[in-house]
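Structure first, commentary second.
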Amino acid sequence: MNQFTAVTQQDERGICCIDLAGYLDAHTATELESIINTVITDGCRRIVVNFADLEYISSAGLGVFMVFIESVRADGGDIKLAAMKPKVFTVFDLLGFPVLFEIYPTVEEAKQAFPSLDA
Amino acid sequence: MNQFTAVTQQDERGICCIDLAGYLDAHTATELESIINTVITDGCRRIVVNFADLEYISSAGLGVFMVFIESVRADGGDIKLAAMKPKVFTVFDLLGFPVLFEIYPTVEEAKQAFPSLDA
Amino acid sequence: MTSPVSHNGIITVPATTDHLHEIREFLRARIRAAGFSEFEENGIVLAVDEACSNLIRHAYHNDPTQSVEVALVIDPDVVTVSISDTATPFDPNSAQVPDMPTYLQERRNGGLGILIMRRVMDAIDYVPCGPTTNRNMLVLTKRRTA
Amino acid sequence: MTSPVSHNGIITVPATTDHLHEIREFLRARIRAAGFSEFEENGIVLAVDEACSNLIRHAYHNDPTQSVEVALVIDPDVVTVSISDTATPFDPNSAQVPDMPTYLQERRNGGLGILIMRRVMDAIDYVPCGPTTNRNMLVLTKRRTA
Ligand SMILES: Nc1ncnc2c1ncn2[C@@H]1O[C@H](COP(=O)(O)OP(=O)(O)O)[C@@H](O)[C@H]1O
Ligand SMILES: Nc1ncnc2c1ncn2[C@@H]1O[C@H](COP(=O)(O)OP(=O)(O)O)[C@@H](O)[C@H]1O
């Protein structure tokens, strides 16, 4: 069974969108960590994570975003989160993560929130 | 640790009194069964069981008395029970055993309840 | 959020009748410390003793290489005892219990343990082993009366 | 006296993270069937997942020869999940949990599982192994809110 998938695509504005699906727990978190790591190594600093098909997240999943947020922002980029199901948002909310992460209702809104590159 | 003891003594009227002490459960019930068996094999049919120092009884203990009551009574004798702590009586009572067994407050009363031999 | 004093615990004993005493003492001390009445304590201890006696005698045939595990969880108003084993499943709820007047009249013997469990406890739930585990679990529940 | 439909059960899995999913699904189906809210269900499942993740990662280091046992007992108004293991005892009640504002400000990482357990559950009780058993038991309790 495929418990978790993360698929990355870059748009014409240089924003990498990572579509999550399934269950993000202590088992699958390492997978996401290596995917985000690849995205960053490939030079992207404008990252949107699409949670639309994510059914579950535990603290191991939360931890993945903490690993990268500091350095991505230091480079002038961001990791913006989008389209969470309420049950997933609840976990972020439980620990106050919305203070640190920008969370948008849709992927489109998250993308729009990045300043245009030619600004 | 000695969980259970049963000590037998016969009085001048031919009544065997078995003094129980400790815990009568699925482990120790076989011990009591063999002791009562010996008493009966030795010819006694007037048996008083002294519960004064018995702290506990489970269904395995109740079963021991059921094993012998029929044949002892068929021979004109009885197994009378005496001096139960309330917590032990509760177990007899839970299943309606007082209907079948005579239960006396004291060993003396149980002994008195046997008809005199010369009657 | 955390319970300041816990009376919960597990006891694991070899599947022989000489260990029944330990199970009873284990339960007694904890149920008493949790403030249940002596009457409730005696009832729970008796019911668990009957259940474990059955496991040891009928399922494990006094095999010291097997073991019986008894887990006690005491909530403010309910005591839950979960007895688990890896023997052939046997659901005491499916057993026929004797009609006591007839039983006593006919001077029958044995076959009272399950009846005692039912009379004493508020709920008896049996979960046989299955795809998720090789352990059977018998859950005995008793609510605080006072 | 007997519960007509039981949602109790045990699941035993090897101590590797790929089995966490099975534990969650096991709990979900039963808690839902017992009529608890989706919110309560999600909370309990998350807390147990955190506890089992900790056992598997910190105590067993993903050793597939070890196992984690999760026993679920659902009473009318309380769900009790007992997680047992034979690893080195570790009481999550004794752990320091982070202050979240500081944590987030300093961009720390990890160390949130026990905090989640505490926030979600009503009681966390830990009983280390001892003279009566070689198993540690972590008892997580959640009362029905509605
Ligand atoms: N754990 C068990 N495994 C197999 N059979 C059992 C088990 N528990 C009970 N039984 C069966 O149910 C019967 C009734 O049990 P019980 O009422 O406790 O009385 P007793 O143990 O005195 O016979 C037993 O005689 C036995 O045949
Ligand atoms: N079962 C356990 N055995 C040993 N150590 C543990 C156990 N559970 C937790 N710990 C310790 O407590 C720390 C905090 O745990 P937790 O809050 O769940 O966060 P995390 O697991 O992400 O580190 C862990 O990093 C670990 O050092």
Side-chain angles (χ1 to χ4, degrees), chain C residues 1-13 19 22-23 25-27 29-30 67 69-84 86 91-94 97 117-141 143, chain D residues 1-13 19 22-23 25-27 29-30 67 69-82 84-86 91-94 97 117-141 143:
Chain C
M1 173 202 58
T2 57
S3 352
V5 182
S6 154
H7 306 293
N8 298 336
I10 301 186
I11 181 167
T12 310
V13 299
H19 291 283
E22 288 161 44
I23 295 173
E25 292 312 300
F26 174 84
L27 296 174
R30 285 148 194 272
S67 64
E69 185 176 308
V70 178
L72 172 70
V73 173
I74 304 184
D75 276 325
D77 41 35
V78 59
V79 175
T80 304
V81 184
S82 305
I83 302 162
S84 74
T86 56
D91 183 353
N93 289 316
S94 70
V97 293
M117 285 162 50
R118 292 196 195 166
R119 293 228 167 138
V120 166
M121 303 305 287
D122 293 317
I124 299 173
D125 183 45
Y126 188 75
V127 189
C129 61
T132 61
T133 188
N134 67 338
R135 299 189 77 78
N136 309 300
M137 176 168 72
L138 178 65
V139 183
L140 303 178
T141 311
R143 315 208 141 258
Chain D
M1 175 202 52
T2 59
S3 351
V5 182
S6 154
H7 305 293
N8 298 336
I10 301 186
I11 181 166
T12 311
V13 300
H19 291 283
E22 287 160 45
I23 295 174
E25 291 312 301
F26 173 84
L27 296 173
R30 285 149 193 271
S67 64
E69 185 175 308
V70 178
L72 172 69
V73 172
I74 304 185
D75 276 324
D77 41 36
V78 59
V79 175
T80 305
V81 184
S82 305
S84 74
D85 67 273
T86 56
D91 182 354
N93 289 317
S94 70
V97 293
M117 286 162 52
R118 292 196 195 168
R119 293 230 167 139
V120 165
M121 302 307 284
D122 292 316
I124 299 173
D125 184 43
Y126 188 74
V127 188
C129 61
T132 62
T133 188
N134 66 339
R135 299 189 76 80
N136 309 300
M137 177 168 73
L138 178 65
V139 183
L140 304 178
T141 310
R143 315 208 141 259

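Chain naming here is simple, since letters A, B, ... match the order of the sequence lines and numbering starts at 1 in each.
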Nearest 0.5 angstrom please: I124(D) CD1 to S6(C) OG, how far?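 These two atoms lie 12.5 Å from each other.
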Quick one: pull up CG in D125(D) and CD1 in I74(C) and give me the separation to the nearest 0.5 Å.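 If I round to the nearest 0.5 Å, the distance is 10.0 Å.
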What are the two closest heavy atoms between M137(C) and A71(D), and how far apart are they? SD-CB, 4.1 Å
Residue pair G9(C) / V127(D): nearest heavy atoms and the distance that separates them: CA-CG1, 3.8 Å
Side chain, backbone, both or neither: which part of L138(C) has an atom under 4.5 Å from a heavy atom of chain D? neither
Under a 4.5 Å heavy-atom cut-off, does chain D meet the side chain of S84(C), its backbone, both or neither?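 S84(C) touches chain D through side-chain heavy atoms alone.
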Residue among V73(D), V78(D), T80(D) satisfying side-chain contact (heavy atoms from CB on, under 4.5 Å) with V73(C):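 Among V73(D), V78(D), T80(D), the one that satisfies the side-chain contact (heavy atoms from CB on, under 4.5 Å) with V73(C) is T80(D).
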Let me know which of I10(C), V70(C), V13(C) forms a side-chain contact (heavy atoms from CB on, under 4.5 Å) with T133(D). I10(C)
With a 4.5 angstrom heavy-atom cut-off, is it the side chain or the backbone of L140(D) that approaches chain C, or both, or neither? neither
Is it the backbone or the side chain of E22(D) that comes under 4.5 Å from a heavy atom of chain C, or both, or neither? neither
Quick check on the interface: out of D75(C), T141(C), I23(C), who has the most heavy-atom pairs with chain D under 4.5 Å?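 Maximum pair count with chain D is reached by D75(C).
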Any idea which of N136(C), V139(C), N134(C) has the most non-hydrogen atom pairs under 4.5 angstrom with chain D? V139(C)
